[in-house]
Amino acid sequence: MKKIFLFALCALSVLALNAQKSTFVSQDNLDKVQANASKDANWPKFEKIFSVDLSAGKTKEGAWQMKGGNLVSVSENEPLFINKSSDQFALAFEFTAEEDAEGFIFVRAPNGDVSKALKIRIGAKHVGGKTGKLGSLIDAVEVKDDAKLDEPKDGKWVRVLVSVEGGNLRVAGTHRISGYYRDRSFATYDLADVAKVTGQEIPADGDFGIVATKGVLKFKQMQFTQF
């Protein structure tokens with residue numbers, strides 16, 4: 001019995017170690033968050049982007065503009081590539097949308113080929129179909145309710161945080177990393193599982209950014225961190 005107990009204890013220790021390695025926030029900081037002491041947590045530092053100009057990205061001239069401090073889509077189906085490392089990162093922002101506007105955040109676009117990227121649905125409202133909810137992976141996986149992405153009704157701004165950590169893509173209805181971990185309200189897409197569902201290999205790396213496929217999308221408070 002003693003040997004069984006020691007074996008179980010070792011197994012739990014290994015699981016705890018693996019769980020700690022799988023996140024960019026230390027276990028000590030997670031404990032602080034769970035104890036409502038997040039003010040002392042050493043969170044990754046975010047960099048504001050697209051608050052003044054388009055220098056943090058590249059796109060077709062005139063396809064995206066800065067208006068009143070907001071990033072605004074002008075042309076449909078013209079990607080805005082974000083000029084930041086796309087390996088391990090988090091992108092936080094708030095968005096709103098005109099009536100019936102649709103688009104997506106894309107990650108892992110190999111050599112800039114957005115058609116082969118993973119696409120996270122954003123827009124004015126949830127639409128029909130298996131992957132019609134905001135936060136779903138378009139043509140791939142339906143989002144779980146954990147993401148808690150609201151519809152931007154009546155001009156409401158919706159908070160979103162997208163992160164790529166190891167083999168996981170996560171989507172959360174927040175724009176603060178502390179809230180992301182405190183509330184644990186995020187949808188996790190295991191990229192290996194997504195590959196099985198779609199029957200397509202997920203690129204190991206690639207570009208990321210935004211596309212408005214219909215209508216006008218607006219963004220503010222966009223921030224990026226690499227980890």
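This one's a predicted model, so the numbers in the text were calculated from it and none came from an experiment.
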Task: Least distance between heavy atoms, Ala124 atom then Pro152 atom - done: O-CD, 3.3 Å
- [ ] Over all heavy atoms of both residues, which pair between Phe95 and Gly123 is shortest? Give the atoms and the distance, please.
- [x]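 The pair with the smallest heavy-atom distance is CE1-O, 3.3 Å.
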Would you give the length of the straight line joining atom [atom1] of [X] to atom [atom2] of [Y], rounded to the nearest 0.5 angstrom?
X: Lys218; Y: Thr96; atom1: NZ; atom2: OG1; value: 7.5 Å
X: Thr225; Y: Gln223; atom1: OG1; atom2: CD; value: 9.5 Å
X: Leu71; Y: Met222; atom1: CG; atom2: CE; value: 5.5 Å
X: Lys119; Y: Leu137; atom1: NZ; atom2: CG; value: 10.0 Å
X: Asp150; Y: Leu134; atom1: CG; atom2: CG; value: 9.0 Å
X: Leu217; Y: Leu80; atom1: CG; atom2: CG; value: 11.5 Å

- [ ] Could you tell me how the ring of Phe208 sits relative to the ring of Phe224: parallel (under 30°), tilted (30 to 60°) or perpendicular (over 60°)?
- [x] parallel
With [X], which residues qualify under side chain to side chain contact (heavy atoms under 4.5 Å, CB included), at least two apart?
X: Asp139; answer: none
X: Lys153; answer: Glu151
X: Glu94; answer: Trp157, Arg159, His175, Lys220, Gln221
X: Lys116; answer: Pro110, Asp113

Between [X] and [Y] (side chain of the first, backbone of the second, donor and acceptor by atom type, cut-off under 3.5 Å), is there such a pair?
X: Ser51; Y: Lys48; value: no
X: Lys67; Y: Gln65; value: no
X: Thr213; Y: Glu102; value: yes

In the structure I gave you, are the side-chain heavy atoms of [X] and [Y] within less than 4.5 Å of one another anywhere?
X: Leu91; Y: Ile49; result: yes
X: Leu161; Y: Phe93; result: no
X: Val164; Y: Arg108; result: yes
X: Ser163; Y: Phe89; result: no
X: Ile82; Y: Lys84; result: yes
X: Leu191; Y: Asn168; result: no
X: Tyr189; Y: Val171; result: yes
X: Lys133; Y: Glu142; result: yes

TODO: Enumerate the residue pairs fulfilling side-chain hydrogen bond (donor to acceptor under 3.5 Å, both in side chains) with a member in residues 71-82, sequence neighbours excluded, ordered by first and then second residue.
DONE: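 Passing the test, one end in residues 71-82: no pairs.
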- [ ] Linking directly or through intermediates, with side-chain heavy atoms under 4.5 Å: list the remaining ILVMFWY members grouped with Phe81, chain and number order.
- [x] Phe104, Phe106, Val114, Ile138, Val211
Open item on the list: Please give the remaining members of the hydrophobic cluster of Val52, linking ILVMFWY side chains under 4.5 Å, ordered by chain and number.
Closed with: none
Pairs of donor and acceptor atoms involving the side chains of residues 55-63, under 3.5 Å and at least two apart or interchain, shall be tabulated with distances.
unit_1: Ser55; atom_1: OG; unit_2: Asp53; atom_2: OD1; d: 2.6
unit_1: Thr59; atom_1: OG1; unit_2: Pro79; atom_2: O; d: 2.8

Open item on the list: Checking Arg170 against Thr188: is there a side-chain donor and acceptor pair closer than 3.5 Å?
Closed with: yes
Task: Which residues share a salt bridge (Lys or Arg N to Asp or Glu O under 4.0 Å) with Lys125, sequence neighbours left out - done: Asp100
TODO: For Lys214, enumerate each residue passing the salt bridge (Lys or Arg N to Asp or Glu O under 4.0 Å) test, keeping only those at least two apart in sequence or located in another chain.
DONE: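 Once residues adjacent in sequence are excluded, Lys214 has no partner under the salt bridge (Lys or Arg N to Asp or Glu O under 4.0 Å) criterion.
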Task: Within residues 110-136 or reaching into it, pairs that qualify as ring pair (Phe, Tyr, Trp, His ring centres under 6.0 Å) - sequence neighbours excluded - done: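 Matches after skipping sequence neighbours: none remain.
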Task: Of all pairs that satisfy salt bridge (charged side-chain N to carboxylate O under 4.0 Å, His left out), the ones with a partner from residues 187-209, not counting sequence neighbours - done: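 Applying salt bridge (charged side-chain N to carboxylate O under 4.0 Å, His left out) to every pair that reaches into residues 187-209, excluding sequence neighbours, yields nothing.
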Task: Stepwise side-chain contact (heavy atoms from CB on, under 4.5 Å) check, Val72 with Trp64 - done: CA-CA 6 Å; Val72 181; Trp64 291 81; 6.0 Å; no
